[in-house]
2 protein chains.
Amino acid sequence: MRHDSRLSRMLHVLIHMDRHDGSATSEVIARMLNTNPVVVRRTMAGLREQGYVHSVKGHGGGWTLSRPLEQISLLDIHRALGSPEVFAIGLAIDHPTCLVEQSVNAALQDAFAEAEAILISRFGNVTIADVARDFDDRFQRSTEKPGPGSCH
Amino acid sequence: MRHDSRLSRMLHVLIHMDRHDGSATSEVIARMLNTNPVVVRRTMAGLREQGYVHSVKGHGGGWTLSRPLEQISLLDIHRALGSPEVFAIGLAIDHPTCLVEQSVNAALQDAFAEAEAILISRFGNVTIADVARDFDDRFQRSTEKPGPGSCH
DNA sequence: ATGTTCCGTAACAAGATGTGTTACATAACC
DNA sequence: GGTTATGTAACACATCTTGTTACGGAACAT
């Protein structure tokens with residue numbers, strides 16, 4: 001696969017869970033995301049550990065939100081997923097003895113650090129509720145009768 | 001491997017080439033970078049196509065710079081390498097029919113676009129000569145007698 | 001109690017990509 | 001023609017995300 005899509009998937013599913021009464025099973029979520037129930041459990045495990053969702057075993061069980069979307073930022077989810085590497089480009093080696101390579105590393109790291117700081121700051125300032133609100137706008141524009149609906 | 005280190009490697013070798021009279025063979029460059037001559041040719045091919053370096057076959061041949069480092073930015077090299085994907089994080093799917101996922105994509109793409117714009121802008125504003133100058137500073141601090149030297 | 005429905009997790013396959021390596025063709029210079 | 005280079009195809013390898021199978025454990029239904 002080309003890149004890590006777990007953040008995208010988790011935001012997607014959390015909004016659906018918010019707009020859906022009761023709990024959702026890994027099976028149902030997997031169909032939403034066009035993937036496998038095991039992948040769902042694996043990915044949501046981090047969110048559960050951080051207290052953003054709750055899982056219940058057995059009949060009638062499944063996944064539920066543990067707190068309102070207003071209280072969860074994109075950064076929270078990014079971190080719950082283990083703060084995966086942001087960049088696909090990186091240094092050849094981390095601590096080179098070559099002074100030339102040290103300068104190259106410094107130049108690149110500066111640039112990466114600046115870009116990452118922007119991204120992380122942005123993630124921290126956007127809640128999932130903000131994204132859900134944007135969905136409401138799109139939904140309203142796409143239908144005559146606005147309301148809390150979804151595409152699944 | 002974890003990530004794309006071609007940019008880092010190319011900056012490294014271009015500075016060495018600048019501080020080294022005559023041409024350098026793929027063999028010599030490969031030893032600098034702790035890699036293989038074929039990898040060097042493969043990676044430098046893009047730089048040659050864009051006119052940053054020149055290669056000569058046969059006895060006495062090798063690689064030479066086609067223009068001063070002042071005229072090559074980090075962005076130039078990034079593009080010469082085919083503008084590889086900057087981020088290791090991405091969207092689940094590109095053009096979803098699901099309105100929720102469309103909102104998620106929009107939020108993430110906004111954030112990524114902003115961060116990438118910063119990174120690209122930074123790359124565009126730094127020439128390899130700037131990096132080489134930083135090397136000169138480090139070299140001077142590391143010895144009594146400053147001068148155009150390298151670690152290889 | 002037993003079966004059904006869930007999650008939890010280990011184990012392994014698949015696909016993609018950067019990299020390493022071998023092999024061979026081609027070109028330039030001795 | 002032989003030597004020294006690059007150019008490039010072909011394939012192996014490592015790593016990582018994702019997909020899949022398998023099985024264990026917990027909760028609820030009957």
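Every heavy atom of this structure was used, including side-chain atoms; hydrogens, water molecules and symmetry mates were not. The chains referred to below are lettered A, B, ... by the order of the sequence lines, with proteins before strands, and numbering in each begins at 1.
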Could you state whether B/Phe123 and A/Leu119 fall into the same hydrophobic cluster, counting links through intermediate Ile, Leu, Val, Met, Phe, Trp or Tyr residues with side-chain heavy atoms under 4.5 angstrom apart?
yes
Given C/dG20, D/dT17, C/dC6, identify the nucleotide with an atom nearest to the side chain of A/Thr25.
C/dC6
Of the nucleotides D/dG19, D/dT6, C/dT19, which one has an atom closest to the side chain of B/Arg48?
D/dT6
Reading nucleotides 22-30 of chain C 5' to 3', which nucleotides get B (base under 4.0 Å from a protein heavy atom), which S (sugar-phosphate only), which -?
BB--BBBS-
Round to the nearest Å and state the distance from B/His54 atom NE2 to D/dT6 atom C1'.
11 Å
So what is the end-to-end bend of the helix from C/dA1-D/dT30 to C/dC30-D/dG1, with 5 pairs used at each end and the value given to 10 degrees?
10°
For A/Arg31 and D/dG19, what is the distance between atoms CZ and C1' respectively, to the nearest whole Å?
17 Å
Residue A/Trp63, side-chain heavy atoms: nucleotide from C/dG18, C/dC7, D/dT17 that is nearest:
C/dC7
Provide, to the nearest angstrom, the distance between the CD atom belonging to A/Glu27 and the P atom belonging to D/dT20.
12 Å
I want to check one thing: is the phosphate of C/dC7, taken as OP1 and OP2, less than 4.0 Å away from some side-chain N or O of A/Ser55?
no
With clusters defined by side-chain heavy atoms of hydrophobic residues (ILVMFWY) lying less than 4.5 Å apart, directly or transitively, does B/Leu108 cluster with B/Ile120?
yes
Among A/Asp136, A/Asp130, A/Asp137, which residue satisfies the side-chain hydrogen bond (donor to acceptor under 3.5 Å, both in side chains) criterion with A/Arg133?
A/Asp130
Hydrophobic cluster identity match, B/Val39 and B/Leu7, side-chain contacts under 4.5 Å
no
Want to settle it: does A/Gly61 or B/Arg9 sit nearer the 5' end of DNA chain C, counting the closest nucleotide to each?
A/Gly61
Just checking A/Arg42: base, sugar-phosphate only, or nothing, at a heavy-atom cut-off of under 4.0 Å?
base
Under a 3.5 Å distance rule, please check whether A/Thr25 uses its side chain to pair with a backbone N or O of A/Val28 as donor and acceptor.
yes
Does D/dA5 have its OP1 or OP2 closer than 4.0 Å to a side-chain nitrogen or oxygen of B/Ser26?
no
Rounded to whole angstrom units, what separation is found between the NE2 atom of A/His3 and the C1' atom of D/dT15?
17 Å
Look up atom CG in A/Leu47 and atom CG in A/Asp76, then write down how far apart they are to the nearest 0.5 Å.
9.5 Å
With a 4.0 Å limit, can you tell me whether B/Thr35 has a side-chain N or O closer than that to the phosphate oxygens OP1/OP2 of C/dT19?
no
Distance in angstrom units between B/Ile89 CD1 and D/dC16 C1', rounded
14 Å
